[in-house]
Each structure stands twice: as structure tokens, then as C-alpha cells.
Amino acid sequence: MISYLSEINDIKRASERALKSIGLQVNFTVSETTMPSFGDITTNAAFLISKAKKVSPSEAITLFLTNFAPASQELIKVAPHPNGFINFWLNTEFFNKFINNIISQKGFGHVDIMPQKIAIEHTSVNPNKALHVGHARNVIIGDTFYRLLKRLGHHVIVLNYIDDTGIQVADLLIGFKEMGFNVDGDDQKFDHYCGDVVYVKANKVIENDLRLKKIRSNVLKELEGGGEIYTFANHIVSRVVSEQLKSSWNLGARYDLLNWESHFLHAGYWNKVFDILKSKGAVQYISEGKNAGCWTLKGKKVLVRSDGTTVYTAKDLIYAAWKLGIVNDVFGYSVFADQWDGTPLMTTVLNKNGVKLYDSVDVSYIVIDQRQEPIQQMIKDVIEDIDPNKKYKIISYGLVALSKNTAEKINANIGNERFVHMSGRSGIFFNLDDLYLMVKKTATEIINKRNASLENKERVAEGIAVSAIRYSLLRIDLEKQIIFDIDDALKLEGDTGPYLQYSLARAIKIVEKFGSIKIPCDVGVLNSEEERELLLNLTKFDYKLIKSYDAVSLSTIASYAHELAAQFNVFYEGRRVIDEKNEQIRNARGCAVLAFTYIMNDLLQILGIPILKDL
RNA sequence: GGGCCCGUAGCUCAGCAUGGAUAGAGCGCUGGCCUGCGAAGCCGGAGGUCGCGGGUUCAAAUCCCGCCGGGCCCGCCA
């Protein structure tokens, strides 16, 4: 497919040949320009020639150009700038080829990349509580990266790991078993009831009660063993997970498989993994010092305690090894739930009579918050050391905290602090479901004010809520801490998800009213700056996707989508389409608008933003 | 003490991968634009020592070093 990317690559190859024939091998760049007046693509090759050959910039340019012969010469005009840059303009033929391709295949189509088998794990929230806005960041990052991988043509499986044998679940169980909380819940959603009421209270009491602490450690042991308590836990945990899933699904996320910590333990995975670790020399036995009697990673991090039990990191290692096929899969599989997109969500089962489902992958991504990065880094080192053909990739993101204003709204007093970190234990968190309902309510109010006769108001308000929430978390760089503010979250104008939906809706309306477009398109008549900029940016679709993938930067796609939408809006305000008198121009603009709808549609799909024809 | 991340306009953020030519958005403030494809929009104005200092370079918001400020991690917890 011809695109901005294909031309950049062509110019790169041609420049390499040119430099080679001059006798140079230097690290030049071919990149986007900073301003429209500098052309569409630029290279710094002449600077480097000038320096290496000790000639003037203008001589360097001449030297370069006499040896420069791109394959698609007819699509590019070269425009050297006296100060030393060599700029390139993409010409009408290029844009016509691109636009006609998009229109004939109703979209951009295949992106050129080597497909891989990939697993991505995200969400993985302890099953004792509801998802809060911090978890939402994890879900949205994971789901969007999944959508990007999928769009690029990779074979992807989405995993969600349930730690059903941990201390948080144990606390919850004690709340039910020992403290008299009603297992049937009250009238709120079961995950909210467990997290907001039972767990918070149970944890507080247990921490100050020796008897209950003792019971808790027994519960923990029994959970790993799989007795009567485990059956009870299973019942509670499944209900919580089912409710958590509803929250994720609301945001447009989906999964392929649930993995349970208890299944890995009951299937005896640790011994298999431990054997491999020992045989590869990845673990060390410590015979003296404070870690005497323990097995460690890198001689530091304890994996197996002196009493022979394992620490939590061992479970992460088991899971990592299983994902990448370093240990064999012994599970059976069955359907856990049907999802909104029509796909089944599978779960492992311990009796292996189900079909084989999981085929180990070559690359595994895990989405985690920054606090867990060091330990995951250690796991990555160990795993990639054991099998260098496998890749264990970490996507980490900054924590989501609550602004002072937001904390006060959930009755948390934070004194003079500017923000507060969320904590399930102390009851300081902002539940995702609450956020969703609040944004939906605000959207409904706006709809009633501006577009009261709209059909499906409920569905539209939901679509707006999803877009606002997803976009606001995606537009911010992964590394950055987010201080969540509910008032900001309820703003639906400006650089927001609804802005993208709105621009696409406008474009779709034009396409509907336009009538039939004559093909092939000739967009050569669109020579105003705003028209050309729109066309140019459309051609950058695969360039931006690949950049986003390579750098694991979802804000790259978010800003690209925003930029495109803004350019479309400028075009929309400045140029008429349907009632344009000049038939040639009218048709060309119709082509541009149609191509915009295809590309924007694709981008919103990747961002997980619902496409609304009316809002 | 060791390590990781962040610092760009009053506020929230792009830009940094691969150094480049006039640093961009949104919110807020302010002045305009609906008898015309949807005003959740568009156009204009005010607002910037790119945390500070040094270094590399023809060229630094971008790379390197140091410092300051903010956040986080460093358990035989999970």
C-alpha cells in the first residue's frame, strides 16, 4: 500500500544508495517536517555530507542529488533548502493513488508487518473488590494495545490473571465466615459490596485481632490446598470476577482467557518451573547470612523460603513460563462467559478433558503499574535467559491518584496534600462504575439540551462515556502519573473523546447526503492549505500506527486522531462540499471526506471509541 | 544508602524514539462566527528563561553529566 510510510522508506533507501556512492556511511534521518512550508518529508543527509566531506551545504546538496534516485520518483518532488535541508514534496499523483486505494478497499487495509504470536495480560485485579479508576488505566492501556496489535496483523490472545489465593481474598472470606456479613450481599453490585463494605471492615478488624489473624493464615494454606474453604472461595471469587468483567466490558474491553492462581498451584506447576530454574542455573541456594536456607534470584530476591514455601514472585514466574511455553500446558478449557463482541471468554479447568486451547506464544506483554516494574524486570531477565527466543515485554504506567477535590467528594480527608494515592484497604478509591455512570449522566444532560429528539439516547450517552473515559486516559503518556479529577473527567469539549466522535459524525453526514462519488478521484484540484494538510495527514495512518507500536506509545495514536479530527473540522468550517458548484471540486472534496471517514473509523476502533452516527 | 519515572503557558497535556528551520493543543481568560454539510464546532487576542547549571554539536525541549523539586520501588508480605 502506498502511503507516507512507503515514501519515507523509499527516500531512506535511495538516500542510503546516494551516500554509499559518495563513499559515506552515516546515520542520517528521514522524517516529518516541522512546518508545511518545508515540504512533507525532510532529510538531514546534506548536513552530514557537508561535514564529512568538508564542503559547503550547497555543494553537499548537489553531490547528494546527482546520486539520488528513489524508486517512486514520479511521486516525489525534491526541494533543497539553501540552509542545508533537503525537503520533499509528495505530488498529486501520490495523493490520488492513496485516496483511490482507500476508497476502493473501503479503508486503509493491510499494514505491512511480520505477524507474531502474542499474549497480552492486563487487568489482573485482586478478586475482592470493584475496579477503580487506577485499574481502569490498566484495562484501557491493555485493551488498546491489544487492538493495535490486532490491527497490525498479529495473532493475539488476551489474558486476565485472577489471584484467588491471596491475602485479600482471605480477608474477604473471613468477613463472610467469621464476621457475619451476608453472602448474598445487599442491593449494590456484588464487587462493590465486597470491596467497599466487607473487605474494608474485615481487614481493619483482622489487623487488630490475633485470633482472626491465625484463622487467616489457615485460610491461606487451605486455599492453596483446595479443600472446603477453596470451594467457598471459588464461589465468592467467581461472582466478584463476573462483576469486574462487566465494568471492563462497559469500557469496550474483552479477554480470551481467565487464568487462576489456584489452578497453577493445584496443577503442581511450581516444581516443574523450579526444576527448570535449577537446571539453567537461574536460582541460587544461599547457605549463610540472613537468607540462609533460601533459594534466590540473582542471589538477592528470595524465591523459596527456608521452610520450603514460595514467595509471591514464584507465582509470577510460573505464569510467565506458562505463557511462553517454557512449561507445558496441562489445563483443560471451558467457557466462562459470553462477551459483548460475540466471542467466548474461556477459563482454564483442572480436569483436562476440554479441548486444547492455549498455544504458547513468542511474545508476551504484561500491563502493570510502575511499582511492580522492578520485580517484573527480574522475571523478564530470568525468562529470556532461559529461552532467548522468547520475549517478555513489560508495559508499565504511572499511578493514578485522586485530586484533593475528588478525594473530598468520596469523603476522604487528605489535609493539605494536593492529591492522595488510592488504597483498597483504607477505602480511598474512585470506583470505575461510578465514574462511568457520572459521565453517562452528564452526556445525557448535554444530549437533552442540544439534541433532544435524538433516538437511542441511552446508547449514545454510553458511547460518549466510553470515549471520554478511554481517551482521557490514553492521551497521557504511560510514564506519567495521573492525578484524576472528577470535574475534569466530566468535561466533554476540546481535546476529548467526544470531539473525535463528533468530527466523524459530521463527516458521515456529508457522505450520506453527498450522493454517488465518481471514481477514480482526482484530488489535484484541492490545493488550499487546509485541504492539502488533511490529505497529507490521512496518508500517515500506518506510519503513526507503527511508531505507536515500536515505542509502545498509545498517546501517539490519540494525538494523531485528535490532529486529524481538528484538521477535518477546519476543512469543514472553511470549505463547502455538498453544495459546491464546481463539479470537479465537489467530487474531490467528497473523496477526501469519504477517505477521512474510513481512516477515522479505523483509528477510533483501535482506541476503542464507539462510532456514533448521531450524538 | 541504592534504583526507576516525571518536571514544557495560570491549569491539564502533546512534541523527546531518529538533535534541525517560527515549541503545539485543550481548559481557563478575552473578542468574534449559526436564514449555509451538526456551534460537543471554527477564527482572532493575551499567556513560554521548555525546572536550574554545565557539557557534546554547525545546531539541544530532545543526547550526556551534576543539582533542585515531585512521585514510586528496594520484606523469608501478597
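Source: prediction; values computed, not measured. Chain identifiers are assigned alphabetically (A, B, ...) following the order of the sequence lines, protein sequences preceding nucleic acid strands; residue numbering begins at 1 within each chain.
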Item to check | Touch class at under 4.0 angstrom, heavy-atom based, for A:Asn291 against every strand present | outcome: base
Checklist entry - Contact class for A:Gly166 (heavy atom, under 4.0 Å): base, sugar-phosphate, or nothing? => result sugar-phosphate
Checklist entry - Excluding sequence neighbours, so at least two apart, what forms salt bridge (Lys or Arg N to Asp or Glu O under 4.0 Å) with A:Arg586? => result none
Next on the checklist: Over all strands shown, is A:Thr42 touching base, sugar-phosphate only, or nothing at heavy-atom distances under 4.0 angstrom?
Outcome noted: base
Item to check | Given RNA chain B, 5'-ward residue of the pair A:Pro498 and A:Asp477, judged by closest heavy atom | outcome: A:Asp477
Next on the checklist: Short of 4.0 Å, heavy atom to strand atom, which residues of residues 554-563 of chain A count as contacting RNA chain B?
Outcome noted: A:Ser555, A:Ser559, A:His562
Checklist entry - For the side chain of A:Ile476, counting heavy atoms from C-beta on, which of B:rA40, B:rA21, B:rC13 is nearest? => result B:rC13
Item to check | Crowding at CD, A:Glu207 (>12 non-hydrogen neighbours, <6.0 Å) | outcome: yes
Next on the checklist: At 4.0 Å (heavy atoms only), tell me whether A:Asn87 reaches a base, stays on the sugar-phosphate, or touches nothing.
Outcome noted: base
Checklist entry - Are A:Tyr161 and B:rA78 close enough that a side-chain N or O sits under 4.0 Å from OP1 or OP2? => result no
Checklist entry - Please walk me through it: do A:Arg475 and A:Ser559 pass side-chain hydrogen bond (donor to acceptor under 3.5 Å, both in side chains)? => result CA-CA 7 Å; A:Arg475 65 187 274 269; A:Ser559 342; over 6 Å; no
Checklist entry - Please give, in whole Å, the distance from B:rC74 C1' to A:Gln372 CD? => result 15 Å
Next on the checklist: Please tell me whether A:Phe264 and A:His266 form a close aromatic pair, meaning their ring centres lie under 6.0 Å apart.
Outcome noted: no
Checklist entry - Is there a ring pair (Phe, Tyr, Trp, His ring centres under 6.0 Å) between A:Phe430 and A:Phe484 once you walk through the steps? => result CA-CA 9 Å; A:Phe430 201 99; A:Phe484 174 81; 5.5 Å; yes
Next on the checklist: So A:Leu220, base contact, sugar-phosphate only, or nothing? Heavy-atom distance under 4.0 Å.
Outcome noted: nothing
Item to check | Integer angstrom distance from the P of B:rC64 to that of B:rC5 | outcome: 11 Å
Item to check | Options B:rA21, B:rC42, B:rA40, nucleotide nearest the side-chain atoms of A:Leu492 | outcome: B:rA40
Checklist entry - Say you pick atom C1' in B:rC27 and the same atom in B:rG41; how far apart are they, in whole Å? => result 16 Å
Checklist entry - Just by protein heavy atoms under 4.0 Å, how would nucleotides 28-39 of chain B read 5' to 3' in B, S and -? => result --------SBBS
Which atom pairs link the protein and nucleotides 43-51 of chain B when you take only N or O atoms and keep those under 3.5 Å?
none

Checklist entry - For atom C1', what is the distance between B:rA46 and B:rU35, given to the nearest Å? => result 34 Å
Checklist entry - If you pin A:Lys300 and A:Arg371 to their nearest nucleotides in RNA chain B, which one's is more 5'? => result A:Arg371
Item to check | Lys/Arg N to Asp/Glu carboxylate O, A:Lys12 vs A:Glu7, below 4.0 Å | outcome: no
Checklist entry - What distance, rounded to whole Å, do you find between the two P atoms, one in B:rC65 and one in B:rG3? => result 12 Å
Checklist entry - Are the aromatic ring centres of A:Phe28 and A:Phe47 under 6.0 angstrom apart? => result no
Item to check | Derivation of the side-chain hydrogen bond (donor to acceptor under 3.5 Å, both in side chains) call for A:Lys129 and A:Gln244 | outcome: CA-CA 8 Å; A:Lys129 56 173 173 263; A:Gln244 291 179 339; over 6 Å; no
Next on the checklist: Quick test of the criterion, 5.5 Å between centres and less than 30° between planes. Is A:Phe47 stacked on B:rG20 or not?
Outcome noted: yes
Checklist entry - How far apart are the C-alpha atoms of A:Trp260 and A:Tyr161, what are their side-chain angles, what is the distance that settles it, and do they pass the ring pair (Phe, Tyr, Trp, His ring centres under 6.0 Å) test? => result CA-CA 6 Å; A:Trp260 309 80; A:Tyr161 184 75; 9.4 Å; no
Next on the checklist: Distance check, C1' atoms only: B:rG47 and B:rG24, in whole angstrom units.
Outcome noted: 14 Å
Next on the checklist: Can you tell me the base-pairing partner of B:rG1? Count Watson-Crick or G-U wobble geometry only, both distances below 3.5 Å, and say none if there is no partner.
Outcome noted: B:rC74
Checklist entry - Looking at A:Lys547, does any N or O in its side chain come under 4.0 Å of the phosphate oxygens OP1/OP2 on B:rC16? => result yes
Next on the checklist: So, OP1 or OP2 of B:rC77: does either fall under 4.0 Å of a side-chain N or O from A:Arg305?
Outcome noted: yes
Checklist entry - Are the ring centres of A:His132 and A:His135 closer than 6.0 Å? => result yes
Item to check | Those residues that, when tested against A:Tyr392, pass ring-ring contact (aromatic ring centres under 6.0 Å, His included) (two or more places apart) | outcome: none
Next on the checklist: Please check: side-chain N/O of A:Glu224 versus main-chain N/O of A:Thr165, any donor-acceptor pairing under 3.5 Å?
Outcome noted: no
Checklist entry - When we call it a touch if two heavy atoms are under 4.0 Å apart, what does A:Tyr499 touch: a base, just sugar-phosphate, or nothing? => result sugar-phosphate
Checklist entry - Which part of the nucleic acid, if any, lies within contact of A:Ile546, taking any heavy atom under 4.0 Å across all strands shown: a base, the sugar-phosphate backbone alone, or nothing? => result nothing
Checklist entry - Touch check for A:Ala468, heavy atoms < 4.0 angstrom, all strands: base, sugar-phosphate only, or nothing? => result nothing
Next on the checklist: Measuring only the C1' atom in each nucleotide, how far is B:rU30 from B:rC67? A whole number of Å is fine.
Outcome noted: 40 Å
Checklist entry - Looking only at side-chain N and O atoms, does A:Lys480 come under 4.0 Å of OP1 or OP2 in B:rG7? => result yes
Item to check | salt_bridge(A:Glu32, A:Lys540) N-O dist < 4.0 Å | outcome: yes
Next on the checklist: For the C1' atoms, the ones on B:rC6 and on B:rC16, what distance do you get once it is rounded to whole angstrom?
Outcome noted: 13 Å
Which protein N or O atoms sit under 3.5 Å from an N or O of nucleotides 68-71 of chain B?
from, atom 1, to, atom 2, distance (Å)
B:rG71, O3', A:His421, NE2, 3.2
B:rG71, O2', A:Gln481, OE1, 3.2

Checklist entry - C1' atom, B:rG15 versus B:rA25: distance in rounded Å? => result 11 Å
Next on the checklist: With a 3.5 Å limit on both atom pairs, tell me what B:rG19 is paired to, counting Watson-Crick and G-U wobble, or say none.
Outcome noted: none
Item to check | Short N-O contact, A:Asp614 and A:Lys509, less than 4.0 angstrom | outcome: yes
